[in-house]
Amino acid sequence: SHDPPVRNAIRAALGDGLGLAHHLGAVGEETDQVGGGPEPAVMLDPEISTLYLMQVWNGNADGNGVLRLYTITGAIGSEVLTPVTFVVTPDPWSNQPPSGDLALCPQMGNPARIPCFGGSQPVFRNGTIWAAHIIYLPADAPTRSAIQWWQLAPDGDVLQRGRLDDPSGVLFYGFPSLAVNANNDMLLGFASFSAQQFASCSYAYRAAADPSGTLRTERVLKAGEDIYLGHPDGHGIRWGDYSASAVDPADDIGLWTIQEYAATRDPATGASRWGTWWGRVIPEAAPVDRPPPEAPARVRTPRALPPRRP
């Protein structure tokens, strides 16, 4: 959810849902590669009056992955929505798991799979835009979920981009949220899944001086304790409502994340239960266990209009 002034500004600038859908060219063009609606950024630079929004536009448009940036300017009651640019990478992904079934992520001890999806609210910090979202790989025939994160210039240039992915398909990732501190250190919080573990709270960190496009070794913040089969009311397995990351307001340096994990089942009824777990990462103490992978190349954003329909 967003603060009331932000919600009001978005509604005034975008109009009702149908108007927004027409504006974005989405009506009648829904495919398995079309992303969701634009998300407003958390604006942490007080001197910036422009509101930025980011949309996952198309995961695989002729072999390219595409985001779209917008701005909202003007006083409350006189807002103007402006499409800024398309952000393009030649490294595509799928926006949907196989057959559109979100129940993709495995868990230990039971064949039932947990739905995996989600994207973080973008963050505007120190003059740039940070964001993360789930992707499904490989792009043409996905078998696993991963997380992709970005740092963008306000004009849409890709400053860096990275992925949290296990190509072996053992670990699955979803429900990302991120935070950026005053020094441009970034914390990525998320849920991790595997047939070798219960659904767990996890995080990864990068310092501003780390090689571009890289994360340090991901960590389990709180290990899952049991299988999770959903709420006993029969509404199925639901996951991921509780993923948030934030910078510590006390010093603007420390980074916090709260994530969801599978808790021990009710001993009396056997019903599945979930829990949430807070954790703080102190940047100067964040561990480094392995050399980072080679960073993706910086990509200049093309200005041509890419298709929404693959």
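The structure displayed is predicted, hence computed values, not measured ones.
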Parallel, tilted or perpendicular: ring planes of Trp256 versus Trp278, cut at 30 and 60 degrees: perpendicular
Pairwise side-chain contact, Leu159 with Thr128, heavy-atom cut-off 4.5 Å (strictly under): yes
Looking at Arg273 and Asp226, is there a salt bridge between them, counting it only when a charged N and a carboxylate O are closer than 4.0 Å? no
List the steps, then state whether ring-ring contact (aromatic ring centres under 6.0 Å, His included) holds for Phe86 with Trp57. CA-CA 8 Å; Phe86 289 93; Trp57 181 264; 5.2 Å; yes
Is there a side-chain contact between Thr143 and Pro138 (heavy atoms, below 4.5 Å)? yes
Looking only at side chains, do Arg113 and Gln107 share a donor and an acceptor under 3.5 Å apart? no
I need the minimum non-hydrogen distance between Trp149 and Gly213, along with the two atoms involved. CZ2-C, 3.6 Å
Please step through side-chain contact (heavy atoms from CB on, under 4.5 Å) for the pair Trp150 and Leu67, ending with a clear verdict. CA-CA 10 Å; Trp150 307 72; Leu67 307 180; 3.5 Å; yes
Check whether any side-chain N or O of Ser194 sits under 3.5 Å from a backbone N or O of Gln196 as a donor-acceptor pair, and report yes or no. yes
Student check: side-chain heavy atoms of Asp155 and Thr85 closer than 4.5 Å: no
Aromatic plane relationship, Phe175 with Phe117 - under 30° parallel, 30 to 60° tilted, over 60° perpendicular: perpendicular
Between the side chains of Gln160 and Gln151, is a donor N or O closer than 3.5 angstrom to an acceptor N or O? yes
Output side-chain donor-acceptor pairs under 3.5 Å for residues 176-185, partner residues at least two apart or in another chain, one line each.
{"unit_1": "Ser177", "atom_1": "OG", "unit_2": "Ser243", "atom_2": "OG", "d": "3.2"}
{"unit_1": "Ser177", "atom_1": "OG", "unit_2": "Ala244", "atom_2": "N", "d": "3.4"}
{"unit_1": "Ser177", "atom_1": "OG", "unit_2": "Ser245", "atom_2": "N", "d": "3.4"}
{"unit_1": "Ser177", "atom_1": "OG", "unit_2": "Ser245", "atom_2": "OG", "d": "2.9"}
{"unit_1": "Ser177", "atom_1": "OG", "unit_2": "Gln259", "atom_2": "NE2", "d": "3.4"}
{"unit_1": "Asn181", "atom_1": "OD1", "unit_2": "Asn183", "atom_2": "N", "d": "2.9"}
{"unit_1": "Asn181", "atom_1": "OD1", "unit_2": "Asn184", "atom_2": "N", "d": "3.1"}
{"unit_1": "Asn181", "atom_1": "OD1", "unit_2": "Asp185", "atom_2": "N", "d": "2.9"}
{"unit_1": "Asn181", "atom_1": "ND2", "unit_2": "Asp185", "atom_2": "OD2", "d": "3.1"}
{"unit_1": "Asn181", "atom_1": "ND2", "unit_2": "Ile253", "atom_2": "O", "d": "2.8"}
{"unit_1": "Asn184", "atom_1": "OD1", "unit_2": "Asn126", "atom_2": "ND2", "d": "2.8"}
{"unit_1": "Asp185", "atom_1": "OD1", "unit_2": "Ala208", "atom_2": "N", "d": "2.9"}

Could you give me the CA-CA distance, side-chain angles and deciding distance for Trp239 and Tyr228, then say whether ring-ring contact (aromatic ring centres under 6.0 Å, His included) is met? CA-CA 10 Å; Trp239 200 260; Tyr228 187 79; 4.9 Å; yes
Side chains of Arg68 and Gln55: is there a donor and an acceptor less than 3.5 Å apart? no
For the residue pair Asp91 and Thr89, confirm or rule out a side-chain donor-acceptor distance under 3.5 Å. no
May I ask you to decide if Arg161's main-chain N or O and Gln148's side chain share a donor-acceptor pair within less than 3.5 Å? no
Does one side chain, of Thr264 or Glu225, offer a donor that lies under 3.5 Å from an acceptor on the other? yes
Check the surroundings of atom CG in Asp140: do more than 12 heavy atoms from other residues, nucleotides or ligands lie under 6.0 Å from it? no
Is the shortest side-chain N to carboxylate O distance from Asp166 to Arg144 below 4.0 Å? no
When every non-hydrogen atom of Cys201 is compared with those of Tyr261, the smallest separation belongs to SG-CB, 3.6 Å
Do the non-hydrogen side-chain atoms of Tyr205 and Leu255 ever get within less than 4.5 Å of each other? yes
In Å, rounded to the nearest 0.5 Å, how long is the span from CG of Leu137 to CZ of Arg163? 5.0 Å
Report yes or no: does Glu260 contribute a side-chain atom to a donor-acceptor pair with the main-chain N or O of Gly240 at less than 3.5 Å? yes
Residue pair Ile134 / Ser145: nearest heavy atoms and the distance that separates them: CD1-CB, 3.8 Å
Student check: side-chain heavy atoms of Ile237 and Pro115 closer than 4.5 Å: yes
Are side-chain heavy atoms of Met186 and Arg206 found at a separation under 4.5 Å? yes
Looking at Asp101 and Leu104, would you say the former's side chain and the latter's main chain have a donor-acceptor pair under 3.5 Å? no
For the residue pair Tyr136 and Asn95, establish whether any side-chain heavy-atom pair is separated by less than 4.5 Å. no
Where Asn60 and Pro92 come nearest, the two heavy atoms and their spacing: OD1-CB, 3.7 Å
Donor-acceptor contact below 3.5 Å, side chain Ser202 vs main chain Phe190: no
Atom CD1 in Ile72, atom OG in Ser49: separation rounded to 0.5 Å? 12.5 Å
Does Ala132 offer a backbone N or O that forms a donor-acceptor pair with the side chain of Ser120 under 3.5 Å? yes
Donor on one side chain, acceptor on other, Glu218 and Ser192, under 3.5 Å: no
Is Asp210 reaching over with its side chain to a backbone N or O of Ala207, donor-acceptor style, under 3.5 angstrom? yes
Report the C-alpha separation of Phe193 and Leu171 in whole Å, then their side-chain angles, then the decisive distance to 0.1 Å, and conclude whether the side-chain contact (heavy atoms from CB on, under 4.5 Å) test is met. CA-CA 6 Å; Phe193 307 88; Leu171 282 167; over 6 Å; no
Please report the closest heavy-atom contact between Ala131 and Met54, naming both atoms and the distance. CB-SD, 3.5 Å
Separation of Leu53 CG from Gln121 CD (nearest 0.5 Å): 9.5 Å
Do the non-hydrogen side-chain atoms of Tyr70 and Leu81 ever get within less than 4.5 Å of each other? yes
How long is the gap from CD1 on Ile227 to CD1 on Ile114, to the nearest 0.5 Å? 10.0 Å
Do the side chain of Arg125 and the main chain of Ile129 share a donor and acceptor less than 3.5 angstrom apart? no
Exam field: side chain Asp45 to backbone Ile48, donor-acceptor pair closer than 3.5 Å: no
Should the pair His133 and Trp93 be assigned to parallel (<30°), tilted (30 to 60°) or perpendicular (>60°) ring geometry? tilted
Verify, without hydrogens or angle tests, whether Glu79 (side chain) and Gly77 (backbone) share a donor-acceptor contact under 3.5 angstrom. yes
